[in-house]
Amino acid sequence: MSAPPADLTYRNPVLDADWSDPDVIRVGDDFYLTASSFGRAPGLPLLHSRDLVNWTLVGHALQHLEPEGEFAVPRHDRGVWAPSLRHHDDRFWIFWGDPDQGIFQVNAPEIRGPWSRPHLVKAGKGLIDPCPLWDEETGEAYLVHAWAMSRSGIKNRLTGHRMHPQGTELLDEGKVIVDADRIPGWFTLEGPKLYRHDGWFWILAPAGGVETGWQGAFRSRDFFGPYEEKVVLEQRDTDVNGPHQGGWVRTPSGEDWFLHFQQRGAYGRVVHLQPMRWERAAEPSGAGEGGSGSGGGGGWPVIGDDGAPVAGHCRPDLPAQPAAAPATDDDFPGGRHGRQWQWTANPRDGWATQHSADGLRLTCVRTADAHDLRKLPNVLTQRLPGTPCTVEVELRLDSEEPGARAGLAVLGDAYAWIGLQRGADGTAHLVHRFAETVAERERDAGHPRLAPGGRARLRIEAGPQARCRFSYDTGDGFRPSGQVFAAAPWRWVGALLGLTALAPTGQGHAGTATFTRFRISPA
């Protein structure tokens, strides 16, 4: 049989950047997706699609992380972990776990808002990956969550609760409904997504770790168990490592699909789309920790190519849509940045100035941490694309403050940046600096050079394995600078592209820097 035409197929990943821990729903003819945002603000990104392949970023559900003081500085491994997105009672709901505070939710009448302020559903350490279910058959509401070992001393378990139908509180102390320590070979069970299907309660949950794990399915006739389990997606002989943690969605025509992530080092967790179907089973499989007491009946989900991830597939049976992807380029009209940008902590007034022309005018924020970009809250970031690309931006350093600097960075546990710095004699210098993972401060990656007029075009060429080459143009064409830099992820977070402006500590306003024509193009 001949292959289908290319325009009838898609290739994975469908979101080739760090959209970590995705969850997806359908409302009418529209599909919506959210993802983890950890300590960046705004948080809880909201993506929209009509075909499950082409996605656009339409906003964020969380403008500031709370308590605001806790996230006044970067917290890359905290904040919003593994959210669940649902639509119930004509409202959109997002639940997430903050490993240091507890389970939160926000809700809104429309996907673009207005979204409520975060409501703490249950306080506690290590409560992560919550997912609600409103059972239309009984009117009951439930919630399941996992545990963070680092905060609670508990892992590899899922706990279930009855929940108030308005999503405001949990109605009991909870019960362990899946203890994966009792399932041979299972470890690090987390990220549960809760569904009702064919008379069963279903929990789709990953195990085995983000780089090496698999996707499991659990089912029971009763929410509180006992549950039986089955592995429904694993790497096998593909190059898609650790394929797991995502959401199931059904199209209007009845097709089933599963979106999940793959951990790809500095690129973070990219999103794959897998075909899914329900298999009819004559007898229930594996006893699991709940034994076979949950009874026979409906079959198990079959994801991908009989349980292995597909690199590509026929597109979902949905109306054709124009090619689309979350925005990257920005002209910063009126000094405003696009929704693809996030600060590395809760933003403060005065970091960016609106004006009548194009260009992002950033204040050179005075800081004692000018030697280490990883400590700065005022870095404006977006995701590093998962394929080779060229990143360019134009910079004008307007500040006359000695030591003031601004530039374009690749930011992670190690980082490098290129930009302009004002010298003690008032001249502007092109500088290129980097910091290793274990280093407490940055050092020069190239020799400083004069930058006439305080202007420069800056470029990063990100090649395979996120190996980055830096170059600059101060008026006589692009010239290379420094050695190749291998981008590094944060803990849980892929490498970020960043724009920053800063100045040494002192008195008074330190001036500004203006960025224009930010572009990302395929290499």
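Here, residue 1 is the first one in the sequence, and each next residue gets the next number.
Across all their heavy atoms, Val379 and Leu373 have their closest contact at CG2-O, 4.1 Å. When all heavy atoms are compared, the tightest approach of Trp93 to Gln105 is CZ3-NE2, 3.7 Å. Closest approach of Pro45 and Ala35 over heavy atoms only: CD-O, 3.4 Å. A pairwise comparison of heavy atoms in Asp23 and Pro83 identifies CB-O, 3.7 Å as the closest pair.
Residue Leu194 holds its CG atom at 9.5 Å from OH of Tyr142, rounded to the nearest 0.5 Å. The distance from atom CD of Glu401 to atom OG1 of Thr512, rounded to the nearest 0.5 Å, is 12.5 Å. Here the straight-line distance linking atom NE2 of His88 with atom CD of Gln166 works out to 9.0 Å at 0.5 Å rounding. Distance check, rounded to the nearest 0.5 Å: CZ of Arg405 to CZ of Arg422 gives 13.0 Å. Here Leu204 contributes atom CG and Ile303 contributes atom CD1; the two are 6.0 Å apart, rounded to the nearest 0.5 Å. In this structure, OG1 in Thr390 is found 10.0 Å from CD1 in Ile520, a value given to the nearest 0.5 Å.
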Between Ile25 and Phe92, is a side chain to side chain contact (heavy atoms under 4.5 Å, CB included) present by the stated rule, with each step listed? CA-CA 10 Å; Ile25 60 170; Phe92 291 88; 4.0 Å; yes
Passes side chain to side chain donor-acceptor pair (under 3.5 Å), Gln245 versus Asp21? Steps please. CA-CA 6 Å; Gln245 189 149 331; Asp21 311 320; 3.2 Å; yes
Side chain to side chain donor-acceptor pair (under 3.5 Å), that's the test. Do Asp172 and His161 meet it? Break it down for me. CA-CA 6 Å; Asp172 54 36; His161 296 264; 3.1 Å; yes
Residues Leu44, Val80; criterion side chain to side chain contact (heavy atoms under 4.5 Å, CB included); working and verdict: CA-CA 7 Å; Leu44 289 173; Val80 177; 3.6 Å; yes
Test Val210 against Thr188 for side chain to side chain contact (heavy atoms under 4.5 Å, CB included), laying out the working first. CA-CA 9 Å; Val210 295; Thr188 317; over 6 Å; no
Please lay out, stage by stage, how Glu442 and Trp417 fare under the test side chain to side chain donor-acceptor pair (under 3.5 Å). CA-CA 10 Å; Glu442 62 189 28; Trp417 70 280; 3.1 Å; yes
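Under 3.5 Å, the side chains of Gln421 and Arg433 contain a donor-acceptor pair of N or O atoms. Looking at Asn241 and Gln263, their side chains never bring a donor and an acceptor atom within 3.5 Å of each other. With hydrogens and angles left out, the side-chain atoms of Thr353 and Arg361 include no donor and acceptor closer than 3.5 Å.
Between Arg383 and Asp18 there is no salt bridge, since no side-chain nitrogen of the basic residue lies less than 4.0 Å from a carboxylate oxygen of the acidic one. The existence of a salt bridge linking Arg396 and Asp398 is confirmed by a sub-4.0 Å separation between a basic side-chain nitrogen and an acidic carboxylate oxygen. With respect to Arg467 and Glu461, no salt bridge is recorded, no charged nitrogen being found less than 4.0 Å from a carboxylate O. The residues Lys193 and Asp129 are annotated as not salt-bridged, no charged nitrogen and carboxylate oxygen being separated by less than 4.0 angstrom. A salt bridge between Arg519 and Asp331 is present, with a side-chain N of the basic residue lying under 4.0 Å from a carboxylate O of the acidic one. Residues Asp358 and Arg517 are not paired through a salt bridge, judged by the lack of any N-O separation under 4.0 Å between the basic side chain and the carboxylate. Electrostatic pairing of Arg78 and Glu70 counts as a salt bridge here, judged by a charged N lying under 4.0 Å from a carboxylate O. A salt bridge links Asp100 to Arg151: at least one charged side-chain nitrogen sits closer than 4.0 Å to a carboxylate oxygen.
Not a single donor-acceptor pair under 3.5 Å links the side chain of Arg441 to the backbone N or O of Ala435. Here the side chain of Asn156 pairs a donor or acceptor atom with the backbone of Leu189 at under 3.5 angstrom. Looking only at distances, a side-chain donor or acceptor of Asn378 sits under 3.5 Å from a matching main-chain atom of Ala501. With hydrogens and angles disregarded, a donor-acceptor distance shorter than 3.5 Å links the side chain of Ser36 to the backbone of Ala82. The backbone N or O of His145 lies less than 3.5 Å from no partner atom in the side chain of Glu190, so there is not a single donor-acceptor pair. With hydrogens and angles ignored, the 3.5 Å screen pairs a side-chain donor or acceptor of Ser49 with a backbone N or O of Asn54.
Heavy-atom neighbours of Arg26 CZ from other residues, nucleotides or ligands within 6.0 Å: above the threshold of 12. Within 6.0 Å of CZ on Arg91 lie more than 12 heavy atoms contributed by other residues, nucleotides or ligands. In the displayed structure, Trp492 atom CH2 is contacted under 6.0 Å by at most 12 heavy atoms of other residues, nucleotides or ligands. Counting non-hydrogen atoms of other residues, nucleotides and ligands closer than 6.0 Å to CD of Gln483 gives a total of 12 or fewer.
When each of Leu15, Thr56, Val58 is tested with Pro326 by the rule side chain to side chain contact (heavy atoms under 4.5 Å, CB included), just one qualifies, namely Leu15.
Inter-residue side-chain proximity for Trp96 and Ser84 is flagged as unmet; no heavy-atom pair is nearer than 4.5 Å. Residues Gln342 and Ser37 form a side-chain contact, since some pair of their non-hydrogen atoms from C-beta on lies under 4.5 Å apart. Between Asp413 and Pro489, the closest side-chain pair of non-hydrogen atoms is not below 4.5 Å. Side-chain contact between Phe518 and Trp341 is present, with heavy atoms from C-beta onward closer than 4.5 Å. Proximity of Ile111 to Trp115: side-chain heavy atoms (C-beta onward) are separated by under 4.5 Å at one or more points. A 4.5 Å side-chain heavy-atom check between Leu47 and Val24 finds every atom pair outside the cut-off. Contact check for Ser399 versus Cys364: side-chain heavy atoms found under the 4.5 Å cut-off. Residues Asp77 and Trp490 are not in side-chain contact: their nearest non-hydrogen atoms beyond the backbone lie 4.5 Å or more apart.
Note: His260 and His272 have parallel aromatic rings, judged against thresholds of 30 and 60 degrees for the angle between ring planes.
Under the salt bridge (charged side-chain N to carboxylate O under 4.0 Å, His left out) criterion, Arg443 pairs with Glu436, not counting sequence neighbours. Looking at residues two or more places apart in sequence or on another chain, you find a side-chain contact (heavy atoms from CB on, under 4.5 Å) between Arg336 and Gln354.
Taking the six-membered ring for Trp and the full ring otherwise, Trp186 and Phe218 have centroids separated by under 6.0 Å. Residues His432 and Phe470 place their aromatic rings such that the two centres sit under 6.0 Å apart. Taking the ring centroids of Phe104 and Trp81, they lie at or beyond the 6.0 Å cut-off. In this structure, the ring of Tyr415 has its center no less than 6.0 angstrom from the ring center of Phe434. For His244 and Phe261, the ring centers sit closer than 6.0 Å to each other. Taking the six-membered ring for Trp and the full ring otherwise, the centers of His48 and Tyr32 sit less than 6.0 Å from each other.
A cation-pi arrangement is absent between Arg40 and Trp343 under the rule of less than 6.0 angstrom and at most 45 degrees off the ring axis.
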